[in-house]
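Okay, structure first, notes after.
Computed from a predicted structure; not experimentally measured.
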Amino acid sequence: MPTWYSHLVLLDYAEHANLGWNGDKAEALKHDCTWLPVSLSEMAQASAHLPIVIMRCEQRWLIVVVTNDIFLSSIRRRNTEPLKHVFVPQSAQVYPFSLMLLEASKSGFQLGIDKRCIVPLEDTGALPLFSANRGYSEAVMDRFHLLHRLKIDSEIVHSACELLAKKGVLILISETEKIMGNNKERDRPIYRVDIDAIARLSREDFADLQMHHAMELAAYQHSSLFHAGCLNQDAN
């Protein structure tokens, strides 16, 4: 599972026991990232608000939204809907924490934190990183469990996208399509589902996609592209 923001350090009791964290520093994430992963369980909600694309990153398939689109969607809906209804992916909700792959760890993954969000416990709004029994605090543990659920979900997404690619129903998105808004920092290939190609599949191939969550993913990704034009207009 790729790490999608920088400045991560391993969360360590010996080093951070008497320190806290501040989740209000999420602006740092927006400046670091041009995209954020979306879980399969979030796709229905995400597709109702934002364009979703499929990305190939570090030999892994991801479904992602552009962080700038999240901001534009918030502006667009501010006069008609409460801001709380604007979609924010769970990958942003777990910030500033992320799983770090460590070969020395029995599970392979340990919890990391964006070091810019580590603050003295005396700071206003600071939350403890560890509990009195030397374990993670309750708020940190909640995010740790969510990160593990997102990791499991990401395996399903990767397998579904691999199957879509194998069936030949993914199309590389060109710069001229403007599905990614005005994101000029595209350094990874991005794809969309070819609905016409899906319609030409055999009954067996179609059933194969259905059994592996690939059809669910394809349907929501395709329908989400309705929002691309609206967001591009807002950006102008």
Do you know the tightest heavy-atom contact between [X] and [Y]?
X	Y	value
Pro120	Leu19	CA-CD2, 4.3 Å
Ser47	Ile52	N-CD1, 3.8 Å
Pro128	Ser137	O-OG, 2.8 Å
Leu217	Ala160	CD1-CB, 4.1 Å
Ser98	Leu8	CB-CD1, 3.8 Å
Ser39	Leu150	CB-CD2, 3.9 Å

For a 4.5 angstrom cut-off between non-hydrogen side-chain atoms, does [X] reach [Y]?
X	Y	result
His212	Ser159	no
Tyr191	Cys161	no
Val53	Trp35	no
Leu99	Phe144	yes
Val157	Leu62	no

Checking side chain to side chain contact (heavy atoms under 4.5 Å, CB included) for the pair Arg56/Trp61: CA distance, chi angles, key distance, verdict?
CA-CA 5 Å; Arg56 185 78 170 170; Trp61 290 101; 2.6 Å; yes

Can you tell me how far apart [atom1] ([X]) and [atom2] ([Y]) are? Round to the nearest 0.5 Å.
X	Y	atom1	atom2	answer
Leu36	Gln93	CG	CD	10.5 Å
Ile113	Leu129	CD1	CG	5.0 Å
Phe226	Leu50	CZ	CG	12.5 Å
Leu111	Leu10	CG	CG	8.0 Å
Arg192	Leu225	CZ	CG	7.5 Å
Glu42	His49	CD	NE2	11.0 Å

Check whether Asp123 reaches the backbone of Ala126 with its side chain - one donor and one acceptor, N or O, closer than 3.5 Å.
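No, the answer is negative, given that no donor and acceptor are paired below the 3.5 Å cut-off.
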
Shared hydrophobic cluster, Leu121 / Tyr13 (ILVMFWY, side-chain heavy atoms < 4.5 Å):
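No, Leu121 does not connect to Tyr13 through the hydrophobic network.
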
Is it possible for you to say whether Leu11 and Val9 belong to one hydrophobic cluster, with membership spreading through side-chain heavy-atom contacts below 4.5 Å?
yes

If we check side-chain contact (heavy atoms from CB on, under 4.5 Å) with Lys167, which of these qualifies: Leu170, Leu163, Leu164?
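It is Leu163, the one option of Leu170, Leu163, Leu164 that forms the side-chain contact (heavy atoms from CB on, under 4.5 Å) with Lys167.
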
Could you go through the side chain to side chain contact (heavy atoms under 4.5 Å, CB included) check for Gln221 and Ile63 one step at a time?
CA-CA 8 Å; Gln221 191 278 317; Ile63 43 180; 5.6 Å; no

Quick test of your reading of the model: are Glu162 and Arg60 salt-bridged, counting only N-O distances below 4.0 Å?
no

Mutual orientation of the aromatic rings belonging to Phe130 and Tyr136 [parallel < 30°, tilted 30-60°, perpendicular > 60°]
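If you compare the ring of Phe130 with that of Tyr136, the planes turn out tilted.
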
Heavy-atom neighbours of Asn18 CG exceed 12 at 6.0 Å
no

Within the supplied structure, the quantity of interest is the number of heavy atoms (other residues, nucleotides, ligands) at a distance under 6.0 Å from His158 NE2; does it exceed 12?
yes

Side chains of residues 195-202: which donor-acceptor partners sit under 3.5 Å, not counting sequence neighbours?
unit_1 : atom_1 : unit_2 : atom_2 : d
Ser202 : OG     : Asp205 : N      : 3.1
Ser202 : OG     : Asp205 : OD2    : 3.4

